[in-house]
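Naming convention: chains lettered A, B, ... in sequence-line order (proteins, then strands); numbering from 1 in each chain. Since we're looking at a predicted model, the values are computed, not measured.
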Number of protein chains: 2
Amino acid sequence: MAKTQQERRADTRQRLLTAARDVIAERGVAGASVDALAEAADRTSGALYAQFGNKDGLLLALLDHWKKATANAIEADFEATSSIDERLRSLWANFINPPADGGDAWVLLEHELWLYAGRNPAAREQVAARYADAREDLGAGLAVPSEVATLLIALMIGLEMQRRLDPDAVDDEVALVGLRTLLRASGMDATQER
Amino acid sequence: MAKTQQERRADTRQRLLTAARDVIAERGVAGASVDALAEAADRTSGALYAQFGNKDGLLLALLDHWKKATANAIEADFEATSSIDERLRSLWANFINPPADGGDAWVLLEHELWLYAGRNPAAREQVAARYADAREDLGAGLAVPSEVATLLIALMIGLEMQRRLDPDAVDDEVALVGLRTLLRASGMDATQER
DNA sequence: GTCTATAGATTGATAGAC
DNA sequence: GTCTATCAATCTATAGAC
């Protein structure tokens, strides 16, 4: 069954996005040359420029593509579990060892894009929106204010960073105690004392 | 008063390290060319190669230089405060708005070097040791086990990341409530429940 | 110990064939 | 829509003058 031009175009686009995710996670944004990105997608640089205009265009498209994927992943994760405590546990497990495509590469990519966003205003807006959505979704899923979700996300990111440098530095149970502790404190008033 | 050769060499070394800190924070490790690093230090690339062998050598030296500076900063910070609660507050304040040289650039540099360490085994060892020392020092300063220090550091890093994307995303008081909550939970047994 | 000059490789992007 | 060929710019690193 022959593909239409549109299908071929969409296929190339998807290939380039997937290749970008993997190559950038491995070599970094700056270390991933246009030729290397295209080759990993079984295309040439010409296809990349036809699809995204330039290298930055691909990065912005990658951010956009991923924004939706992240929201879907959190939602699916929560529909599969019932108790709050179970949700925390599966959240942490999926965070440090993602089962989906890309494996643990996505955490490195996350940091790469975060740094990229720090130097590119258009990207910053997209990444900031991605984080805001994640806070909202997580807050809703755990039935806590988004401020608590902010703390939970922060803790997971920071623990994952330390764990990547030294796998023994962060114990799973310690991580869960930390997450549960923050969750339980959700009833507290932020101005309760000084 | 004329400088000796040794003094001049030490001066150049310090200039290159300081310049590397600033330029890398602004443009990233990959975006900071050898010529740009040397020029920012009012030297040329020749001096850089004579001092550090190559670009990686400068990065490793920067990590080593900074390892000591970080430990000193935490120590000084804690000697100046008395109560635990005050120490938490000053810790957070200094973390998101460092008063010392480099300003808020150091957080970006921290992430740059963390990513660099993820792809360079020799650097990973150094950065991992840096984090381990920070955990020990912070645990000692707050009179809590290093596991709690791990959680506190993680929370601060993650909050700072979200804050940089959107200054309104992380309220100072919420951050302090999170830190205090984790600190209070230090008496808990990690295996207390499931 | 540092600078100038330069070699050799790689980069992002463009033009034209198909 | 994608590929081939190519340009101009930039990069790391080296060699020799001082």
More than 12 heavy atoms of other residues, nucleotides or ligands under 6.0 Å from CD of A:E125: yes or no?
no
What's the closest nucleotide to the side chain of A:A50 if the choices are C:dC3, D:dT2, C:dG12?
D:dT2
Taking only side-chain nitrogens and oxygens of B:Q51, does any of them come within less than 4.0 Å of OP1 or OP2 of C:dT2?
yes
Taking only side-chain N and O atoms of A:Q5, does any of them lie within less than 4.0 angstrom of OP1 or OP2 on D:dT2?
no
More than 12 non-hydrogen atoms from neighbouring residues, nucleotides or ligands closer than 6.0 Å to CD on A:E39, yes or no?
no
For A:G53 and A:G31, take the nucleotide of DNA chain C holding the closest heavy atom to each; which residue's nucleotide lies nearer the 5' end?
A:G31
Test B:R130 against B:D133 for side-chain contact (heavy atoms from CB on, under 4.5 Å), laying out the working first.
CA-CA 5 Å; B:R130 217 160 75 73; B:D133 285 354; 5.9 Å; no
If each of A:L48 and A:D35 is mapped to the nucleotide of DNA chain D with the nearest heavy atom, which maps nearer the 5' terminus, i.e. the 5' end?
A:L48
Apply the test side-chain contact (heavy atoms from CB on, under 4.5 Å) to residues B:Y131 and A:D166: give CA-CA distance (whole Å), side-chain angles for both, the deciding distance (0.1 Å), then the verdict.
CA-CA 9 Å; B:Y131 274 76; A:D166 176 7; over 6 Å; no
From C-beta outward on A:R43, which listed nucleotide comes closest to its side chain: D:dC3, C:dC3, D:dA13?
D:dC3
Using the six-membered ring wherever Trp is involved, compare the ring planes of B:W106 and B:F95 and label them parallel, tilted or perpendicular (cut-offs 30° and 60°).
perpendicular
Counting only side-chain heavy atoms from C-beta out, which of C:dT2, D:dT12, D:dT2 sits nearest to B:Y49?
D:dT12
Send over the distance from A:L59 CG to C:dG12 C1', rounded to a whole Å.
13 Å
Do any side-chain nitrogens or oxygens of A:T12 fall under 4.0 Å of OP1 or OP2 in D:dT2?
yes
Between CZ of B:R27 and P of D:dT10 the distance, given in whole Å, is 12 Å
Return the value, rounded to whole Å, for the distance between atom CZ of A:R13 and atom C1' of D:dG1.
14 Å
Nearest to the side chain of A:K55, which nucleotide is it out of C:dG1, C:dA13, D:dA13?
C:dA13
Just the rounded figure in Å: distance from P of C:dT2 to CG of B:L16.
8 Å
Nearest to the side chain of B:T44 - C:dT4, C:dG12, D:dC3?
C:dT4
In whole Å, what is the span from the CG atom of A:D11 to the P atom of D:dT2?
9 Å
Looking only at C:dA13, C:dC3, D:dA13, the nucleotide nearest the A:N54 side chain is C:dA13
Can you name the nearest heavy-atom pair linking B:R163 to B:V170, along with the distance?
NH1-O, 3.1 Å
Nearest-Å distance for atom pair CG/C1', residues B:D56 and D:dC11
14 Å
If you check every side-chain atom of A:R9, which of D:dT2, C:dT2, D:dT12 has the closest atom?
D:dT2
Students often get this wrong, so: under 4.0 angstrom with heavy atoms, is B:S33 touching a base, only sugar-phosphate, or nothing?
sugar-phosphate
Rounded to the nearest angstrom, tell me the gap between atom CG in B:L58 and atom P in D:dA13.
11 Å
Taking CD from A:E7 and P from D:dT2, how many angstroms apart are they, rounded to a whole number?
13 Å
